[in-house]
Each structure stands twice: as structure tokens, then as C-alpha cells.
Number of protein chains: 2
Amino acid sequence: MNKCSQCIVRQFSSLKHLTKEELLRVSACKTSKIIKKGEFLFEEGEHINGVFCIKDGVCKVSKMSENGKNQIINLINHGNIIGERSLISNEVSNLSAIALNDMTVCFIPKDEIMRDLQMNAAFSLDVLKTMATSLKSADNLIVDMAQKSVKQRLAESLLNLKEKFGTSSQGVIDIHLSREDIANIIGTATESAIRLLSELKKKGIIEFKGKDIAILNDQELEKIAHGF
Amino acid sequence: MNKCSQCIVRQFSSLKHLTKEELLRVSACKTSKIIKKGEFLFEEGEHINGVFCIKDGVCKVSKMSENGKNQIINLINHGNIIGERSLISNEVSNLSAIALNDMTVCFIPKDEIMRDLQMNAAFSLDVLKTMATSLKSADNLIVDMAQKSVKQRLAESLLNLKEKFGTSSQGVIDIHLSREDIANIIGTATESAIRLLSELKKKGIIEFKGKDIAILNDQELEKIAHGF
DNA sequence: TTTAAAATATGATATTTGTCAGCTTTTCAA
DNA sequence: TTGAAAAGCTGACAAATATCATATTTTAAA
């Protein structure tokens, strides 16, 4: 079994504040899992009872609206932790997490995390800080959703994806999303997303072949995103 | 000077987890302020350097979008605390807070709160819980903004306002908002908000005279909010 | 490999929402 | 008290977006 002390998640998450002894305990009680592309990490309404450390892969975090449409709230990359909120608020999850590609994750049971939260102030403060940052992005997203046009949101999302996942040698953004997923990120109909992507392509601002998308003109895309 | 131990804010916020000694220290270093209707509690980009306890009054928490339109993210009632996020993330505020009526607030400087966060695990865990809850509502708001129509959002907002602020004897919701503020809550143009309010009035679902708004038919409004 | 299902694409059209203009009512300070 | 400014209201129209229909391409299972 792999040790948590060596894990990528430890480097990038609040877990870096755990002591050696705490890490050993976590190592001892964690379970490892492979989640295949398209499978649920967890579902809306589910008791999670712990947190997931993402060692490899990416998942989309989404929520069903009352209209029956899915909204993707966030994409979570390897190195990150997910599920800590429901654990802290002690409620069933209000979100679903679905693997976008094959994932390797570890599951740490609730009791261990809660114990560390209570005993280790540095850890607890760092989790607090992470949540404060999440709240800030959530606020920004609320404003964007409420006030920006679909075109602006698409432009911004493409830039965010490039920033978050990087690009391959050819400038292709390193994440493969269906048109439906893109639409569900920006909060629009799939057809609208497709149309606007085609429009950006026609204008030479982006290029794509299937799910391989490359941004050719970042500046122009930023202009659109910021409303000039 | 009033003691924090008697304060309404203590009853309803995480401060209830502070010990007697901690409360005394807070009492000693806090400053009291009157904020008049329309004045800023704090502004976007400002270093807050502490938290505000709202003893009386209501403020709107908003953010300017890049399009130059204001979005109201939340309304904060007396008994609550505001400003803890920027304090925790150690950044300038990304939000503005403006008094909707005359307010009485106390300001607790950053150092005192940070000290309590580090020393008092129960307090820190409760702040964590509060933030987890805020994140959940933020997620819900993102989904609503992205997926619901303006009409749905208006219906939902009216129900939320009634729930949050209660009603007077005549069924009038106990908060006075301008049409512009209502529009900025639901994320639409003022004219659209006015039009939809008129429509609801014409259908007998709500009644209003100026800023006095009463819901006559909660069920029907819920149907609209939930998309039936 | 074949083939059915899913994803992508595009046109036509309907609906929603925003914008602009002009008018009335309310508010508030001189 | 009054008059200017702000807020509220409504109509006409424009722009953005959703929906429906249908065709094409891609994917994946048999």
C-alpha cells in the first residue's frame, strides 16, 4: 500500500499540515479505489462519510436543477480533495461527482478527518482558508452566471480550462469535454454552445477537431470574456 | 459599553462557542458603529482587517460584474457576522456591503479573531460549518442563475425574502427593497423585474404598494419557482 | 466489420430578455 | 411647500437564447 506521505495529494492540499503521526494514521485507514470514466464518485443525496483524495484523473462536480438540467459547478483535478464540505456540515451531499476519465482515488473515513480537524489547528485553518477561497470563486461564478452573456461565459470558460489543465505541444487544451459538458459548464443549451464554438472557430479565435480544442488568439478571447 | 456576552450576535453566530475569557477580550477590543442607510460597511478591494457583528439592521452584499452591473449575492440580517472570509483568506474583500437601513454594528479586529480560531477548536469548527453551509447555498445559487428563467428566480427570491425576513400583520414582507435591488438579486434588468412583478400582481399571486410586497398565493409562487 | 446509438452540427422558428424612450409617481432637500 | 431628482412603470423594438427538426459524423457494442 502506498504511503500518504509520498502522495501528490498531500503536496497540494491541506493534508500537508498533518503531522507524521497523523499521516500514518490516515495511511492506515484509507482505502484506494479505481473509478472508471463516467462512473460516480458520489451522488447528490448520498452520505459520503469521508473525503476523497484524487491521485489521478479528473471529475466533474455537478448538480441537477429543478428544471431537469445539469449544471457543472467545478472540475476537480488530481492533487485535490473533494467531499470535505458534506463531512463538515454533516449533511448528505448536494452535489454529484462523475469521473471524466479513469481515476485513482483514496477514501479517508470521516472520523479520522474530524479528529485531525479538532486536534490540529494548522490543518483546520488551512481547510478554512481553502473554503474561503472556494466561496470567493463561487461568488464570482454567481455574478458571471447572472450578468454575463453565454458568449462571454464560453470565452471565459475556455480560458479557465486552458489555465487549469494546460495545453499539449499543439496548443490543445489538456481536457476532453463533450459539447454537452461544455454547455453544462457555461449554463446553456448544447446547441447554443456548439453554435458559439463554431462562431469562434470561423473567426479564427479557436481551432478544434472533435474534443481537441486549441485557443489561437487568447487576447481576442479575453476581450470577449470581459465584455469589450 | 455593552458586553458581547449579552449580544444577539453571540446567540446566533459562531461566537457562541467562545469562552467567557475570550468573550471578555473581544468585548474589550471591539468598537461600535452606526452605519446609515445607503452607507458602505466595506467596499470591494478594501482591506477589512476584522469582522463585523450586525446587532441591528440589514445590509446587501454585492459585487460589480465586468459588464458594470451590480449583483447582490446575499442579504445579511442582524445576529450575523460578516467579513470573516477575507480575514481568513487574508485578501482584500471581493464584495461590497451596503446598509439597507440604519445599522448598529460592532467591529472586532482581525488579530483577536485569528487568535480564537487558532486556540478554540469548537469555535473554529463552527466557523468551518458556517462556511460549508454558505458554500452549499452558493452552489444552489449558481445552478439557479445558470438554469432558471428570470421569472422562476423572481418567484424564488420573493419566497426566500418572506422566509428570511418574515411578514408584518398584513402579510407584507419585512424588508424594503427598491425595484433595482430586486433586479440585482435575481440578475436581470430593472425593467424586467418591474414587468414580472406587475404580471404576478395582475394574476393575483402577489400584492404590492411601493416597496410593501405581500405574497397572496404561496403555492402558486412555488409552482412558478420550481418550474411547473 | 457492421450497425445502432450517441454526439455533433446547422437551420428555422419561438420565446425570453434587454434596451431605449417616454411618461407618471414618489421622495427629499432647499 | 415646492420643484428637481430619483424611482417606478409601460410600450416598442432588438438581441440573445432556447427549442425543435433533421442531417451528418463519430463511437462503441455486438
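These figures come from a predicted structure and were not determined experimentally. Lettering follows sequence order; numbering is per chain, from 1.
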### Message
Can you give me the bend angle of the helix from C:dT1-D:dA30 to C:dA30-D:dT1? Use the axis through the first five pairs and the one through the last five, nearest 10 degrees.
### Response
50°

### Task
Check for a donor-acceptor pair, side chain of B:Q147 on one end and backbone N or O of A:N70 on the other, with a separation under 3.5 Å.
yes

Check nucleotides 22-24 of chain D against the protein and report each pair of N or O atoms closer than 3.5 Å, with its distance, or say if there are none.
none

### Task
For A:K69 and for B:I194, locate the closest nucleotide of DNA chain D by heavy-atom distance; then report the residue assigned to the nucleotide nearer the 5' terminus.
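It is B:I194 whose nearest nucleotide is closer to the 5' end.
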
### Query
Under the 3.5 Å rule, do the base of D:dG11 and the side chain of B:R195 count as making a donor-acceptor pair?
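Result: at least one qualifying N/O pair found.
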
#### Entry: Range on DNA chain C touched by chain B - first to last nucleotide, heavy-atom distance under 4.0 Å
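Nucleotide range with atoms under 4.0 Å of chain B: C:dT17 to C:dC20.
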
### Query
Do A:L216 and A:I206 come close enough that some side-chain heavy atom pair is under 4.5 Å?
no

### Query
Considering only heavy atoms from C-beta outward, does the side chain of B:I88 approach that of B:V127 to under 4.5 Å?
yes

### Task
Check each residue of residues 172-191 of chain B for a non-hydrogen atom within less than 4.0 Å of any atom in DNA chain C, then write out the ones that pass by number, or none.
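When residues 172-191 of chain B is checked for heavy atoms under 4.0 Å from DNA chain C, the hits, listed by number, are B:T188, B:A189, B:E191.
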
### Query
More 5' along DNA chain C: B:K151 or A:K201, using each one's nearest nucleotide?
A:K201

### Task
Apply salt bridge (Lys or Arg N to Asp or Glu O under 4.0 Å) to B:E91 and list each qualifying residue two or more places apart in sequence or on a separate chain.
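Salt bridge (Lys or Arg N to Asp or Glu O under 4.0 Å) check on B:E91 returns A:K136.
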
#### Entry: Nucleic acid contacts of residues 205-217 of chain B, taken as heavy-atom distances under 4.0 Å to DNA chain D
B:F208, B:K211

